[in-house]
Amino acid sequence: MALVTLENDGLSSGSEAAPSPWLALIGLGEDGRAGLGPEAKSALDAAEIVFGGERHIALVGSVPGELRPWPQPFRNALPQILAERGRKVCVLATSDPFHYGIGNSLSRAIPAQEMRIIPQISSFAMACTRMRWPQEECALVSLHGRTLYRIVPHLQPGARILALSWDETTPRAVAELMTARGLGGSRIVVMESLGGPQERVRETRADSFAFDDIVPLNIIAVDVAAGRASRILPLAPGLDEDWFAHDGQITKSEIRAITLSALAPRGGELLWDVGAGSGSIAVEWCQRHLRNQAVAFEARPERAHRIARNKVELGGLSVEVVGEAPAGFAGREAPDAVFIGGGLTVDGLFEAAWAALKPGGRLVANVVTIEGEAKLAALHAEHGGSLRRISIDRLAPVGSKHGWRPAMPVTQWRVEKP
């Protein structure tokens with residue numbers, strides 16, 4: 001159940017086609033060699049070299065070929081595998097190699113016709129059968145090598161979640177996180193060593209979690225029970241400011257919702273959030289789709305620290321925090337969208353962002369000052385697009401001496417690059 005990534009480092013598996021598959025990628029269950037079918041056993045016995053983790057090697061026992069444990073650091077494994085191209089090689093993986101496994105990394109470096117895949121049922125699939133849950137109705141999350149907060153967006157009322165653990169400490173950490181968010185009544189099932197002779201399945205409530213003898217190889221099933229006081233991350237854009245750590249330099253929730261609509265995020269796109277403040281735009285951009293990424297440009301270290309905190313606590317999101325703009329633009333991947341929330345009047349900032357933006361990309365800029373409006377008017381005259389002024393009034397709390405409190409109007413410019 002390990003999450004693994006191999007780096008190609010510019011190596012090639014060769015342009016010539018191999019006459020037949022030289023590499024067999026075999027998925028192992030906790031029952032080891034006994035659970036393999038005839039095809040997998042034949043490939044394993046015919047292999048001259050067998051790569052795998054120490055646990056995998058222990059599960060298969062002795063083999064005719066040479067056993068090679070994964071090197072340290074693990075990124076060196078791919079060059080070693082490719083160096084044996086043409087020989088009979090076997091790579092051992094956990095269950096389904098293409099479900100949070102090594103299969104994706106290998107397939108990027110080795111042509112399909114050179115590799116034979118012999119999978120086993122995945123740990124998620126086994127967990128669903130133990131829970132009697134339809135897999136299509138479950139959220140599948142890997143916490144292996146990732147922040148615990150990756151589970152936060154999935155903590156929705158009535159949700160069923162299967163989470164792959166990092167180690168024996170993960171189930172308790174998940175239970176404590178849920179209890180702190182008012183979800184203590186949720187059901188948690190810890191499943192250890194699924195499919196093997198040492199399999200164990202235990203159930204408890206999040207706020208009563210007391211298991212202290214968990215094995216590292218485990219998967220967690222969560223049946224979320226939420227109440228009125230539960231802290232559930234809303235699904236709509238425009239999160240209340242209280243969700244973010246900030247010093248007041250934050251795009252207000254209503255303006256943020258409108259801004260996200262103008263940026264029009266799509267799956268797998270990259271945003272540059274310039275003058276990020278709390279990083280609220282970058283964070284919500286990444287919340288729209290799990291493959292979305294953002295770069296938050298913020299010169300002040302204390303604000304950059306808050307952005308780093310927000311991106312973790314609001315879902316372990318793919319937000320990279322860098323320093324001052326436009327100096328930080330150099331050498332970066334071209335963005336699909338740019339939001340300028342601060343610094344528009346800085347010499348050369350817009351020009352550098354506009355030059356970097358992909359053709360067809362969207363640029364949105366928000367300003368609140370007279371100087372900013374003048375700059376937007378000039379840019380609008382030159383590049384076109386649309387201008388609008390947004391004003392949100394908020395009623396003071398009941399009992400306050402104040403009535404409606406007008407917020408400073410925001411002028412917003414949106415333009416698409418030809």
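In what follows, every heavy atom counts, from backbone to side chain, and hydrogens, waters and symmetry copies are set aside. Quantities reported herein were computed from a predicted structural model and do not represent experimental measurements.
We find that Asp242 and Arg231 are not joined by a salt bridge, their nearest charged nitrogen and carboxylate oxygen being 4.0 Å or further apart. Remark: Lys311 does not engage Glu320 in a salt bridge, criterion side-chain N to carboxylate O under 4.0 Å. Under 4.0 Å is where a charged nitrogen must lie from a carboxylate oxygen, and between Glu298 and Arg306 no such pair does.
Looking at Ile188 and Pro171, their side chains never come closer than 4.5 Å, going by heavy atoms from C-beta outward. Looking only at side-chain heavy atoms (C-beta outward), Val364 and Gln412 come within less than 4.5 Å of each other. Residues Ile307 and Asp273 fail the side-chain proximity criterion, which asks for heavy atoms closer than 4.5 Å. Side-chain contact between Leu140 and Gln135: present, with at least one pair of heavy atoms (C-beta onward) separated by less than 4.5 Å. His56 places a side-chain heavy atom less than 4.5 Å from the side chain of Thr94. At a threshold of 4.5 Å between non-hydrogen side-chain atoms, the residues Glu192 and Gln198 do not count as touching. Contact of the Leu143 side chain with the Leu148 side chain is registered, since non-hydrogen atoms from C-beta on lie closer than 4.5 Å. Considering only heavy atoms from C-beta on, Pro69 comes within 4.5 Å of Ile57 through its side chain.
With sequence neighbours excluded, no residue forms a ring pair (Phe, Tyr, Trp, His ring centres under 6.0 Å) with Phe98. For the ring pair (Phe, Tyr, Trp, His ring centres under 6.0 Å) test, no residue two or more places apart in sequence or in another chain qualifies with Trp285.
Separation of atoms CG (Leu59) and CG (Asp31) is listed at 8.5 Å; rounding is to 0.5 Å.
Between Leu183 and Ala206, the shortest heavy-atom contact is O-CB, 3.9 Å. The minimum heavy-atom distance between Pro409 and Val368, with the atom names listed, is O-CG1, 3.8 Å. Nearest heavy atom pair, residue Ile110 against residue Leu82, reads CG1-CD2, 3.7 Å. Shortest non-hydrogen contact noted between Trp166 and His144 is CE3-C, 3.4 Å. Summarising the geometry of Pro119 relative to Pro97, their closest heavy-atom pair is CB-CD, 3.8 Å, with the distance given to 0.1 Å. Listed here is the closest heavy atom pair of Gln156 and Leu233: NE2-O, 2.9 Å.
Distance alone, capped at 3.5 Å, is enough to place a donor-acceptor pair between the Glu269 side chain and the Arg266 backbone. At least one donor-acceptor pair under 3.5 Å links the side chain of Arg414 to the backbone N or O of Ala262. Checking side-chain atoms of Arg332 against main-chain N and O of Gly328 turns up a donor-acceptor pair under 3.5 Å. For Glu199 (side chain) and Gly195 (main-chain N/O), a donor-acceptor pair under 3.5 Å exists by modelled atom type. A distance-only check finds a donor-acceptor pair linking the side chain of Asn292 to the backbone of Gly268 [under 3.5 Å]. Using modelled atom types, one side-chain atom of Arg362 and one backbone atom of Leu263 make a donor-acceptor pair closer than 3.5 Å. With hydrogens and angles disregarded, no donor-acceptor distance shorter than 3.5 Å links the side chain of Trp272 to the backbone of Ile340. In this structure, the side chain of Asn218 engages the main chain of Asp167 through a donor-acceptor pair within 3.5 Å. Judged purely by atom type and a 3.5 angstrom limit, Ser208 has no side-chain atom pairing as donor or acceptor with the backbone of Thr204. The closest donor-acceptor contact from the side chain of Gln249 to the backbone of His246 lies at 3.5 Å or more, if one exists at all.
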Next on the checklist: Using the rule given for side chain to side chain contact (heavy atoms under 4.5 Å, CB included), can you reason through Trp243 versus Asn310, listing the C-alpha separation, both sets of side-chain angles and the distance that settles it, and then say yes or no?
Outcome noted: CA-CA 8 Å; Trp243 281 95; Asn310 288 330; over 6 Å; no

Next on the checklist: Would Thr179 and Phe209 count as a side chain to side chain contact (heavy atoms under 4.5 Å, CB included) here? Give the steps.
Outcome noted: CA-CA 10 Å; Thr179 301; Phe209 196 94; over 6 Å; no

Next on the checklist: Before you tell me yes or no, could you show the steps for Val367 and Lys375 under side chain to side chain contact (heavy atoms under 4.5 Å, CB included), namely the whole-Å CA-CA distance, both residues' side-chain angles and the distance that decides it to 0.1 Å?
Outcome noted: CA-CA 9 Å; Val367 300; Lys375 178 74 171 182; over 6 Å; no

Item to check | Working for side chain to side chain contact (heavy atoms under 4.5 Å, CB included), residues Ile214 and Arg172 | outcome: CA-CA 10 Å; Ile214 300 169; Arg172 180 180 293 275; 5.8 Å; no

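Under the 30°/60° scheme for interplanar angles, the aromatic rings of Phe329 and Phe297 are found to stand perpendicular.
For Arg309, the CZ atom counts as loosely surrounded, since its 6.0 Å shell holds 12 or fewer non-hydrogen atoms of other residues, nucleotides or ligands. Atom CD of Glu324 has 12 or fewer heavy atoms from other residues, nucleotides or ligands within 6.0 Å. Within 6.0 Å of the CD1 atom in Ile370, the count of heavy atoms belonging to other residues, nucleotides or ligands does not exceed 12. The neighbour count for Lys88 NZ, taken as heavy atoms of other residues, nucleotides or ligands under 6.0 Å away, does not exceed 12. Taking a 6.0 Å sphere around OH of Tyr149, one finds it holds 12 or fewer heavy atoms contributed by other residues, nucleotides or ligands. Within 6.0 Å of the CD atom in Glu302, the count of heavy atoms belonging to other residues, nucleotides or ligands exceeds 12. Taking a 6.0 Å sphere around NE2 of His289, one finds it holds more than 12 heavy atoms contributed by other residues, nucleotides or ligands.
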Output a table of donor-acceptor pairs, distance under 3.5 Å, between side-chain atoms of residues 342-361 and any protein atom two or more places apart or on a different chain; print 'none' if there are none.
unit_1, atom_1, unit_2, atom_2, d
Lys358, NZ, Asp336, OD1, 3.2

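Counting only N and O atoms by type, the side chains of Asn366 and Thr251 include no donor and acceptor under 3.5 Å apart. No hydrogens or angles considered: a donor-acceptor pair under 3.5 Å links the side chains of Ser253 and Glu241.
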